[in-house]
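Structure record follows, encoded as structure tokens.
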Amino acid sequence: MFENNKKRCFIELGKFLKQFSEAENVIDQAVLYNEPFFEDFVNLIHLSQSHNGWYTPENVYFSIQSWAKALTEENIDKWLSKYTIGTNEPKNVGLILAGNIPLVGFHDFLSVLITGHNVLIKTSSNDQFLLPFLAKYLIAIEPEFSNKITFVEAKLENFDAVIATGSNNTARYFEYYFKDKPSIIRKNRNSVAVLDGKETKEQLIALGEDIFRYFGLGCRNVSKLFVPKSYSFNAFFEAIFEYQDVIHYEKYANNYDYNKAVFLMSNFKLLDNGFLTIKEDNSYASPISSVFYEFYENSDDLQIRLQSESEQIQCIVSNNLMKDSINFGETQRPNLWDYADNVDTISFLLTI
């Protein structure tokens with residue numbers, strides 16, 4: 001009975017999350033367990049920035065709404081339709097989560113539970129409260145989840161498999177430490193946009209969303225632009241002017257001032273609009289408040305290069321210039337079937 005009930009529980013969670021938006025928090029009387037959870041969640045959302053200075057209410061609400069839209073019966077059925085999820089013996093799956101953006105580990109949490117396993121969660125110190133709250137809501141809907149969900153403060157132990165997310169440095173530690181267990185180890189990745197100068201103003205404004213959402217801290221944020229020779233950035237700067245208020249956020253402004261100063265002291269040539277610097281650079285990972293760019297001459301050659309360096313890239317954004325690219329403004333709106341690092345988490349969990 002519980003196995004058949006898991007999907008319904010996540011659909012109910014989606015309905016709960018749908019009530020919360022930056023514009024207004026509106027109680028839906030049809031949603032389960034609002035009385036013990038609604039006001040506490042509102043308070044948690046507005047306390048999140050005190051727990052992590054990058055977790056502004058705007059960005060927390062954006063994450064919540066993204067999951068509310070994902071957790072529908074239609075989306076979950078479409079996501080799981082290609083898998084055969086049986087009733088195999090549950091395994092203990094450890095999750096070591098990142099904390100760069102709100103609820104960044106929720107997809108792994110969902111995947112473990114929906115495949116029938118038990119989840120052992122080690123949260124990031126930067127994101128310790130949102131996921132445990134949603135876990136409590138799930139347990140209220142279905143008490144049997146209490147035997148399936150464990151949050152771990154000390155060393156992760158007694159696990160059969162692990163999914164760990166971290167930097168390239170921590171990934172080397174994870175690979176050594178978990179070498180005897182089935183694992184998914186995620187490293188640093190960045191997203192890129194390929195432009196040809198024919199983009200509309202609306203597309204470039206949407207590209208600003210890909211750059212500035214979550215202050216650029218996510219692996220799905222665009223941190224590098226590929227542009228043709230003689231490309232003019234005038235239209236780009238005009239379009240992203242809509243995001244100028246980002247400079248009024250102190251943590252972002254401090255990064256802007258610092259990184260700009262470092263670039264200038266190193267005599268790098270910069271383009272600068274007062275809240276974003278653009279620097280020609282071969283790297284994919286640009287610092288907060290900066291985007292790198294690189295010129296390309298031939299789109300076919302660029303396609304080959306991006307494929308050869310795919311382990312460094314999370315998303316490619318373009319106006320159908322590159323194979324498997326996504327539309328402008330969509331990087332932070334992944335579907336349930338859009339897997340991090342293109343590693344099918346469900347298939348992994350069904351074979352451990």
Side-chain angles (χ1 to χ4, degrees), residues 93-101 104-108 111-112 124 161-195 207 210-211 213-214 216-227 279-288 290-318 320-328 330-352:
V93 180
L95 300 182
I96 299 178
L97 304 183
N100 50 324
I101 65 176
V104 68
F106 185 83
H107 192 279
D108 290 334
S111 298
V112 173
S124 165
V162 67
I163 301 174
T165 303
S167 66
N168 290 344
N169 288 332
T170 57
R172 285 193 288 270
Y173 165 78
F174 291 152
E175 286 168 349
Y176 173 78
Y177 187 75
F178 302 126
K179 62 182 183 297
D180 297 326
K181 301 287 186 180
S183 65
I184 295 175
I185 308 296
R186 302 203 183 101
K187 306 176 183 179
N188 288 343
R189 290 204 181 209
N190 295 275
S191 297
V192 305
V194 180
L195 310 180
L207 175 58
D210 297 326
I211 293 171
R213 173 61 58 190
Y214 302 125
L217 289 165
C219 63
R220 300 183 69 90
N221 285 105
V222 168
S223 60
K224 180 158 187 177
L225 308 175
F226 286 94
V227 298
K279 174 179 175 285
E280 186 175 0
D281 198 297
N282 292 331
S283 301
Y284 286 106
S286 61
I288 295 171
S290 181
V291 168
F292 292 158
Y293 71 91
E294 193 173 339
F295 294 111
Y296 71 92
E297 295 186 4
N298 181 285
S299 59
D300 291 335
D301 291 341
L302 178 58
Q303 178 78 69
I304 293 170
R305 175 184 165 183
L306 295 179
Q307 287 177 338
S308 69
E309 298 175 349
S310 60
E311 289 191 359
Q312 300 180 60
I313 299 169
Q314 191 67 258
C315 306
I316 300 173
V317 180
S318 79
N320 296 315
L321 296 175
M322 296 287 112
K323 180 183 178 182
D324 298 325
S325 64
I326 61 178
N327 294 330
F328 296 99
E330 295 298 316
T331 62
Q332 296 297 348
R333 294 176 171 85
N335 295 302
L336 291 171
W337 46 90
D338 294 328
Y339 292 105
D341 298 5
N342 294 315
V343 176
D344 189 324
T345 316
I346 297 294
S347 292
F348 166 77
L349 291 166
L350 292 177
T351 56
I352 59 175

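Position 1 is the first residue of the sequence; numbering continues from there. Values reported hereafter were calculated over all heavy atoms of this structure, with side chains retained and with hydrogens, waters and symmetry mates removed.
Counting heavy atoms from C-beta outward, D210 and Q332 have side chains that stay 4.5 Å or more apart. You'll find the side chain of I316 stays beyond 4.5 Å of the side chain of D324, heavy atoms only. Between L321 and S299, every side-chain heavy-atom pair lies at or beyond the 4.5 Å cut-off. Using a 4.5 Å heavy-atom cutoff, the side chains of V317 and V192 are not in contact. No side-chain heavy atom of L95 sits less than 4.5 Å from a side-chain heavy atom of V162. Looking only at side-chain heavy atoms (C-beta outward), P182 and F348 come within less than 4.5 Å of each other. Using a 4.5 Å heavy-atom threshold, the side chains of D338 and I326 count as separate. Considering only heavy atoms from C-beta on, L306 comes within 4.5 Å of F226 through its side chain.
Side-chain atoms of S223 do not come within 3.5 Å of backbone N or O of A285 as any donor-acceptor pair. No donor-acceptor pair under 3.5 Å is formed between the side chain of N335 and the backbone N or O of W337. No side-chain donor-acceptor contact under 3.5 Å links Y296 to the backbone of D301. Within the 3.5 Å criterion, the main-chain N or O of S286 finds no donor-acceptor partner in the side chain of S290. Checking side-chain atoms of S191 against main-chain N and O of C219 turns up a donor-acceptor pair under 3.5 Å. In this structure, H107 contributes its side chain and Y339 its backbone to no donor-acceptor pair below 3.5 Å. Checking side-chain atoms of N221 against main-chain N and O of R213 turns up a donor-acceptor pair under 3.5 Å.
What you find for S318 and F328 is that their closest heavy atoms are C-CE1, 3.8 Å. Annotation for N100 and A98: closest pair OD1-CB, 3.6 Å, computed over non-hydrogen atoms. Here the shortest heavy-atom pairing between F174 and A164 reads CD1-CB, 3.6 Å. Here the shortest heavy-atom pairing between L97 and S124 reads O-CB, 3.5 Å. Scanning both residues, I352 and A161, for their nearest heavy atoms gives CD1-CB, 3.9 Å.
Note that CD1 of I313 is 10.5 Å distant from CE of M322, once rounded to the nearest 0.5 Å. If you take CG on L225 and CG on L207, they are separated by 6.0 Å, rounding to the nearest 0.5 Å.
In this structure, K179 satisfies the cation-pi test against Y176, with its NZ or CZ atom closer than 6.0 Å to the six-membered ring centre and inside 45 degrees of the ring normal. K224 forms no cation-pi arrangement with F292, by the criterion of a distance under 6.0 Å to the ring centre and an angle within 45° of the ring axis.
Remark: the N169 side chain and the S167 side chain contain no N/O donor-acceptor pair separated by less than 3.5 Å.
Other residues, nucleotides and ligands place no more than 12 heavy atoms under 6.0 Å from the NZ atom of K187.
Note: Y293 and F295 have perpendicular aromatic rings, judged against thresholds of 30 and 60 degrees for the angle between ring planes.
Between R305 and E294, at least one side-chain N (NZ, or NE/NH1/NH2) sits under 4.0 Å from a carboxylate O, which counts as a salt bridge. A salt bridge links D108 with R186: the distance from a Lys NZ or Arg NE/NH1/NH2 to an Asp or Glu carboxylate oxygen falls below 4.0 Å.
Under the side-chain hydrogen bond (donor to acceptor under 3.5 Å, both in side chains) criterion, Q303 pairs with no residue, sequence neighbours left out. For S310, the side-chain hydrogen bond (donor to acceptor under 3.5 Å, both in side chains) criterion is met by no residue, not counting sequence neighbours.
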I'd like to know whether I96 forms a side chain to side chain contact (heavy atoms under 4.5 Å, CB included) with I163, so could you lay out the CA-CA distance, the side-chain angles of the two residues, the decisive distance to 0.1 Å, and finally the verdict.
CA-CA 6 Å; I96 299 178; I163 301 174; over 6 Å; no

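Considering D344, D341, V343 in turn, V343 is the only one that fulfils the side-chain contact (heavy atoms from CB on, under 4.5 Å) rule with I184. The one candidate from E309, R189, Q312 that meets the side chain to side chain donor-acceptor pair (under 3.5 Å) condition with Y284 is E309.
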